[in-house]
Amino acid sequence: MPIRRRLLPLLALMAPLSALVGCQDAAEPSIAVAIIGKPADLSPLGIRLSPAGQMVRAASADGLVAFDAEGRVIPALADRWIVADDGLSYIFRLRDGTWSDGTPLTGESGRDALQQALDRLHGSALGIDLSAIADVRAMAGRVVEIRLHYPMPDLLDLLAQPELALLRKDRGTGTLQAKHDGPTLLLRPVPPDRLGLPQPEDWAKGKQSIRLKALPAQQAIQQYKDGTVDAVFGGTISDYALALPASGLSRGDLRVDPVAGLFGLLITSTTGPLGNPETREALAMAIDRDALAADLGIREWLPSSRIIPASATDSPAAIGERWAGIDMAHRRAEAAARLARGKLRRSRLTILTIALPKGPGADIIYARIQSDLAAIGISVQRVDNLASADLRLIDSVARYGRADWYLNQFACAAGHSLCSPQTDAKVALARAEPQEAKRAAALEDAEAALTLSNLYIPLGSPIRWALVRGKLSGFSVNVRGTHALTPVSIGLK
């Protein structure tokens, strides 16, 4: 059975920290970091965490495994693991250490904490991603085994997610300890020997705390310009324009992650004109994605009409871009004809409401959609209330690179009031299919069924960006679009 391990624990690789610009304290050196959001987003509690909450949870509570600065899976509470040849069993050896309350880290306590984490995720899209898990067992000593119903190549990627951080008595055992200091969250490095890890002799000399705060995009970027913070995380398409070099920042400061995921419009109501899949497709046909790309001016943004991008590991090859080879004039003529068949006349404009975030990028998206749908006789009105909107923006980075993630986001079992049971049935067939060719065919059927439901209008790829000073160590762009704070704190390259 192949053994997957990292040769040295993360904290044993600590290097001397570079001098950093920003918030420093004579008694306790620190790095100031802002993440775009609201102060309440810093909470690491709950199931559906904000990006800020995910960052805090990942820093303050370890799972069996974690992500390093480059988004690779590394040991955390488990220092090594074995994967069975048939892919149906993962055996984790936990490190020699204790939980945050001082009780020993054992196979039994590790199993119980993992099972509680899985139970909390029941009924969420992430819970569906983990539905292959058949059983979690404690074995002799500090060993936990996960048994699967069927092979799951992305299990380690999922176990490293912040929501799978293991808690005991609602407290995590992480590499950083979080404490509120007014609106700022102070994250202090935990001595490695308290985590059951080797502790370098000069550890106390090299460590630096992180002062993390959640701020609106404009304020976070201004504080970066002023030198008040050393990095800004959590940028999206909505606020990308605020961080462009034209705004007074260097192109070298702006780091764009090569992420994949969902970026498009979710239909939230199927009453009235949106109750007809043909009408919903008319909206999707009328949007000029290439023109939107030109309007946004983001070279990393890829327009697409597909739900599962071609970059996904098992993306169905037979499904390509919709309406390929048909120019926009013909597409809009067909869309208008479909609306006419649905008894929506140009003389009586239908008003649709759309919920978008704030920011110059979102304003550009709204203007494009408003113009494109007006061309087929549909008026669009922007609203703040998600509950009252006919359409709302989905902007999510894929947690792993397979087709399942994309399809599971729209599963009925995830609590969506609008979903496609036919798609779910086809996904279930694909998930349980051991033969690769038959699985590929089932995935193709599933994507086709979801596409034809027209409950989601893809626009293109998500964008995630950060502002980082050249002197800041421990940061790297990655395909996950999330950034671990521990490497930043201890200055890993």
Side-chain angles (χ1 to χ4, degrees), residues 236-238 240 260-270 272-298 300-310 319-342 344 346 349-357 359-383 389-396 406 409-410 418 447 450-463:
T236 67
I237 285 179
S238 295
Y240 178 90
L262 294 171
F263 187 84
L265 301 174
L266 181 69
I267 307 293
T268 60
S269 170
T270 56
L274 294 180
N276 186 337
E278 190 177 42
T279 301
R280 298 196 293 267
E281 185 179 4
L283 304 183
M285 292 176 70
I287 297 174
D288 189 340
R289 292 159 182 79
D290 291 334
L292 176 58
D295 294 344
L296 289 169
I298 304 174
E300 295 88 355
W301 191 71
L302 302 174
S304 179
S305 60
R306 281 195 62 180
I307 297 171
I308 302 174
I319 296 181
E321 294 292 328
R322 302 182 78 180
W323 317 295
I326 305 176
D327 62 36
M328 283 306 306
H330 285 88
R331 279 167 52 179
R332 286 179 179 156
E334 173 60 22
R338 293 189 182 196
L339 295 182
R341 289 196 293 271
L344 295 172
R346 286 178 180 270
L349 294 182
T350 297
I351 299 177
L352 296 180
T353 55
I354 182 170
L356 296 169
D363 295 343
I364 290 171
I365 293 168
Y366 175 58
R368 169 53 52 190
I369 292 171
Q370 189 179 46
S371 172
D372 288 350
L373 295 189
I376 61 169
I378 301 293
S379 178
V380 180
Q381 186 176 67
R382 191 172 181 176
V383 296
D390 298 311
L391 307 166
R392 69 176 177 86
L393 185 71
I394 288 185
D395 183 1
S396 300
Y406 295 87
Q409 301 310 298
F410 304 98
L418 302 178
E447 183 180 3
L450 183 58
T451 299
L452 291 174
S453 74
N454 291 296
L455 292 172
Y456 171 69
I457 301 174
L459 297 177
S461 60
I463 287 290

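Annotation: the span from I287 atom CD1 to L292 atom CG amounts to 8.5 Å, rounded to 0.5 Å. The distance from the CD1 atom of I457 to the CD1 atom of I394 is 11.0 Å, given to the nearest 0.5 Å. Taking OG of S379 as the reference point, atom CD1 of I351 lies at 5.0 Å (rounded to 0.5 Å). The CD1 atom of I369 sits 4.0 Å away from the CD1 atom of I354 when rounded to the nearest 0.5 Å. Atom CG of L274 is separated from atom CD1 of I267 by 5.5 Å, given to the nearest 0.5 angstrom. Atoms CG and CE, on L373 and M285 in that order, are 12.5 Å from each other to the nearest 0.5 Å.
Side-chain contact check for R306 versus R322: every heavy-atom pair is 4.5 Å or farther apart. Annotation: side chain of I237 is not in contact with side chain of I364 (no heavy-atom distance under 4.5 Å).
Nearest approach of L356 to A362, heavy atoms of both residues: CD1-O, 3.7 Å. The heavy-atom pair separating A336 from I376 by the smallest distance is N-CG2, 4.2 Å. Nearest heavy atoms, P357 versus S238: CG-OG, 3.1 Å. Nearest heavy-atom pair, N454 versus R280, reported as atom, atom and distance to 0.1 Å: O-NE, 3.1 Å. Across every non-hydrogen atom of L265 and L391, the tightest pair is CD1-CD1, 4.4 Å. Contact detail for I365 and L296: the closest heavy-atom pair is CG1-CD2, 4.3 Å.
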Margin query: Is there a side-chain contact (heavy atoms from CB on, under 4.5 Å) between L283 and L352? Walk through the geometry before answering.
Written below: CA-CA 11 Å; L283 304 183; L352 296 180; 3.7 Å; yes

Item checked: Derivation and outcome, side-chain contact (heavy atoms from CB on, under 4.5 Å), residues F263 and L393 -> CA-CA 7 Å; F263 187 84; L393 185 71; 3.9 Å; yes

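Applying the side-chain contact (heavy atoms from CB on, under 4.5 Å) criterion to P303, with sequence neighbours excluded, gives R289, D290, A293, W301. The ring-ring contact (aromatic ring centres under 6.0 Å, His included) check on Y406 picks up nothing, with sequence neighbours excluded. Take T353 and apply the side-chain contact (heavy atoms from CB on, under 4.5 Å) test, not counting sequence neighbours, and it matches Q381, V383, A389, D390. For R382, the side-chain hydrogen bond (donor to acceptor under 3.5 Å, both in side chains) partners two or more places apart in sequence, or in a different chain, are D363. Residues satisfying the salt bridge (charged side-chain N to carboxylate O under 4.0 Å, His left out) criterion with D288, sequence neighbours excluded, are absent altogether.
For residues 365-375, every residue pair satisfying the side-chain hydrogen bond (donor to acceptor under 3.5 Å, both in side chains) rule, not counting sequence neighbours, is listed here: D295-R368, R332-D372, Y366-Q370, R368-D372.
Side chain of Y240 to main chain of G361: no donor-acceptor pair is present (N/O by atom type, distance under 3.5 Å, no hydrogens or angles). No donor-acceptor pair closer than 3.5 Å links the side chain of R331 to the backbone N or O of A286.
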